[in-house]
> 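Quick one: this structure, given as structure tokens, is what I'll be asking you about.
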Protein chains: 2
Amino acid sequence: MTTAIKVYNPFSLYEKALKTIEKSGIRPTKQRRILAKILFDKGNRHVSAEELFYDVKKEDRKISMATVYNTLKQFTTLGLIKEVVVDQNKSLYCTNNKSHYHLYIEDEGKIVDIPTKNVNLDIPSIPACLQLHNIDIIVRIRTLKDKN
Amino acid sequence: MTTAIKVYNPFSLYEKALKTIEKSGIRPTKQRRILAKILFDKGNRHVSAEELFYDVKKEDRKISMATVYNTLKQFTTLGLIKEVVVDQNKSLYCTNNKSHYHLYIEDEGKIVDIPTKNVNLDIPSIPACLQLHNIDIIVRIRTLKDKN
DNA sequence: TTACATGCAAAGCATTTGCAGATAA
DNA sequence: TTATCTGCAAATGCTTTGCATGTAA
């Protein structure tokens with residue numbers, strides 16, 4: 001006999017995120033849990049701070065923009081999400097934890113992932129005093145409507 | 001017998017840029033000529049709008065920030081330079097007309113070029129309705145001082 | 001109990017824009 | 001002469017911050 005509805009999955013991305021939050025020392029507050037749930041329970045996403053803000057609203061809850069921004073930054077520092085600066089004044093946050101790069105469709109403001117295995121980067125050797133922080137590959141795409 | 005000082009080189013990047021400007025229909029105004037000279041006469045550069053603004057000042061001339069920004073945008077549209085969005089609120093403009101990507105040293109706000117031949121991008125096939133606009137690869141590097 | 005977090009409104013910052021006066025053709 | 005350009009100052013848009021209030025442990 002099994003329960004009809006699974007209400008708790010200790011191995012979900014959401015639960016893993018909560019554990020990371022707890023281990024890191026920052027508090028798993030109500031706001032952080034709500035944001036983590038929205039970010040990680042819906043599969044891979046590429047959200048802006050604004051979208052996330054409205055996702056919270058859709059569930060008849062309210063988290064201030066300041067908190068949304070601060071939390072996104074904290075989650076990025078914890079390695080839970082990845083910030084992708086697609087344009088001046090436009091950052092998207094990505095919940096795909098597998099190594100990958102981004103295909104950015106400018107007209108739609110949307111992003112699609114490119115698995116890392118399709119990219120071969122032969123970077124000039126980096127001096128010992130420097131550390132690799134992050135590699136961003138953004139392939140920008142435009143629909144053909146506008147030929148600028 | 002040769003002249004001691006070469007005062008005019010019709011094949012310089014600067015002269016080529018002027019021709020592109022003229023052909024495009026926009027006027028080769030004093031400001032645009034000054035900016036083109038600074039951008040293209042000093043070899044490959046990676047400048048911000050602000051640096052360019054101060055470069056003009058150093059020569060005891062004055063071009064308003066608005067014009068610097070507008071001109072950089074026009075030059076980008078003409079393909080004379082390439083805009084690299086290295087961070088939120090930070091664009092650098094690059095005068096290297098050879099195909100290449102960028103190594104970005106965050107702490108110093110500086111950029112180094114990576115020749116394209118060192119990069120092998122196997123991008124998933126792009127639907128016919130889309131056109132490739134631009135590929136940005138930014139390898140972000142930090143000095144070891146700060147281990148965040 | 002108290003260190004940490006939230007939310008508001010105000011500030012910050014690079015960039016863009018409106019518009020009156022200036023300038024290239 | 002006139003369409004285009006410049007420069008100022010104000011506006012913009014995203015993001016960050018200061019600080020009073022709220023809350024998790």
Side-chain angles (χ1 to χ4, degrees), chain A residues 17-19 21-38 46-54 56-57 60-78 80-93 104 106 109 111 148, chain B residues 18-19 21-38 46-57 60-78 81-94 104 106 109 111 148:
Chain A
L18 280 194
K19 265 179 200 133
I21 290 170
E22 272 158 30
K23 267 189 282 182
S24 76
I26 70 168
R27 292 176 183 165
T29 59
K30 190 165 50 159
Q31 290 85 342
R32 285 177 185 147
R33 276 183 278 117
I34 291 171
L35 291 175
K37 194 145 190 57
I38 291 174
H46 300 94
V47 282
S48 63
E50 231 196 341
E51 285 175 86
L52 202 49
F53 178 79
Y54 285 111
V56 174
K57 215 174 207 169
D60 290 317
R61 290 161 177 274
K62 168 87 190 291
I63 297 177
S64 76
M65 257 306 192
T67 301
V68 171
Y69 273 109
N70 291 336
T71 304
L72 282 171
K73 196 172 233 185
Q74 290 153 355
F75 284 7
T76 301
T77 304
L78 297 182
L80 293 173
I81 54 179
K82 201 184 165 198
E83 181 182 1
V84 187
V85 180
V86 290
D87 261 323
Q88 204 73 48
N89 284 337
K90 179 119 206 170
S91 274
L92 296 181
Y93 294 85
Y104 178 50
E106 290 190 339
I111 271 190
N148 300 323
Chain B
L18 280 193
K19 266 178 200 135
I21 290 170
E22 274 158 29
K23 268 191 281 184
S24 76
I26 69 167
R27 291 175 184 167
T29 58
K30 190 164 52 159
Q31 289 86 342
R32 287 178 183 145
R33 275 182 280 117
I34 291 170
L35 291 175
K37 196 148 189 56
I38 291 174
H46 299 94
V47 281
S48 62
E50 229 195 344
E51 285 174 88
L52 202 49
F53 178 80
Y54 285 111
D55 281 358
V56 174
K57 215 174 206 170
D60 290 317
R61 289 161 179 274
K62 168 86 189 294
I63 297 177
S64 76
M65 258 303 192
T67 300
V68 171
Y69 274 109
N70 290 335
T71 304
L72 282 171
K73 196 172 235 189
Q74 290 152 355
F75 284 7
T76 301
T77 303
L78 296 181
I81 55 180
K82 200 184 166 199
E83 181 182 0
V84 187
V85 180
V86 290
D87 261 321
Q88 204 74 47
N89 285 335
K90 179 119 204 169
S91 275
L92 295 181
Y93 294 85
C94 165
Y104 178 50
E106 290 190 338
I111 269 189
N148 300 324

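Because the structure is a prediction, the values reported are computed rather than measured. Per chain, numbering begins at 1; letters A, B, ... match sequence-line order.
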> Between A:R27 (CZ) and C:dC4 (C1'), how many Å, whole number?
4 Å
> Is the phosphate of D:dA24 approached by A:R32 (side-chain N or O, under 4.0 Å from OP1 or OP2)?
no
> Can you tell me how far P of C:dA24 sits from CZ of B:R33, to the nearest Å?
8 Å
> Nearest-Å distance, CZ (B:R61) to C1' (D:dT6)?
15 Å
> Where is the tightest heavy-atom contact between B:V84 and B:C94, given as atom of each residue plus distance?
CG2-CB, 4.4 Å
> Looking only at side-chain N and O atoms, does A:T67 come under 4.0 Å of OP1 or OP2 in C:dT6?
no
> If I compare all heavy atoms of B:L35 with all of B:V68, which pair ends up nearest, and what's the gap?
CD1-CA, 4.2 Å
> Measuring only between side-chain heavy atoms, which start at C-beta, is B:I26 closer than 4.5 Å to B:L78?
yes
> Rounded to the nearest Å, what distance is computed from the CG atom of residue A:L72 to the C1' atom of nucleotide C:dG7?
16 Å
> Taking all non-hydrogen atoms of both residues into account, name the closest pair between B:S91 and A:Q88 and its distance.
OG-OE1, 2.7 Å
> Just the rounded figure in Å: distance from P of C:dA24 to NZ of B:K30.
7 Å
> Whole Å only: how far is the CD atom of A:E22 from the P atom of C:dC4?
17 Å
> Kindly calculate the angle separating the two end axes of the helix from C:dT1-D:dA25 to C:dA25-D:dT1, each obtained from five base pairs, and round it to 10 degrees.
30°
> Identify the two heavy atoms, one from A:R32 and one from A:F75, that lie closest to each other, and give their separation to 0.1 Å.
O-CZ, 3.7 Å
> Check every strand shown and say whether A:K62 touches a base, only sugar-phosphate, or nothing at a heavy-atom separation below 4.0 Å.
sugar-phosphate
> Polar atom pairs between nucleotides 11-20 of chain C and protein, under 3.5 Å, N or O only, would you list them?
| unit_1 | atom_1 | unit_2 | atom_2 | d |
| --- | --- | --- | --- | --- |
| C:dT15 | OP1 | B:S91 | N | 3.3 |
| C:dT15 | OP2 | B:Y69 | OH | 2.3 |
| C:dT15 | O5' | B:Y69 | OH | 3.4 |
| C:dT16 | OP1 | B:K73 | NZ | 3.0 |

> Tell me whether the OP1 or OP2 atom of C:dG7 has a side-chain N or O from A:Q31 closer than 4.0 Å.
yes
> When you compare the side chain of B:I63 with that of B:L52, does any pair of heavy atoms fall below 4.5 Å?
no
> Quick check: closest heavy atoms across A:E51 and A:L92, and the distance to 0.1 Å?
OE2-CD2, 4.4 Å
> Side chain of B:I63 only, please: which of C:dG7, C:dA3, D:dG7 is the nearest?
D:dG7
> I want to confirm an ordering. Mapping B:V68 and A:T29 to their closest nucleotides on DNA chain D, which one lands closer to the 5' end?
B:V68
> Return the value, rounded to whole Å, for the distance between atom CD1 of B:I21 and atom C1' of D:dT4.
15 Å
> Whole-Å distance between C:dA24 C1' and B:L18 CG?
15 Å
> Would a 4.5 Å heavy-atom cut-off, applied to side chains only, mark A:E83 and A:I81 as touching?
no
> Kindly indicate whether the side chain of B:K82, heavy atoms from C-beta on, has any atom under 4.5 Å from the side chain of B:T76.
no
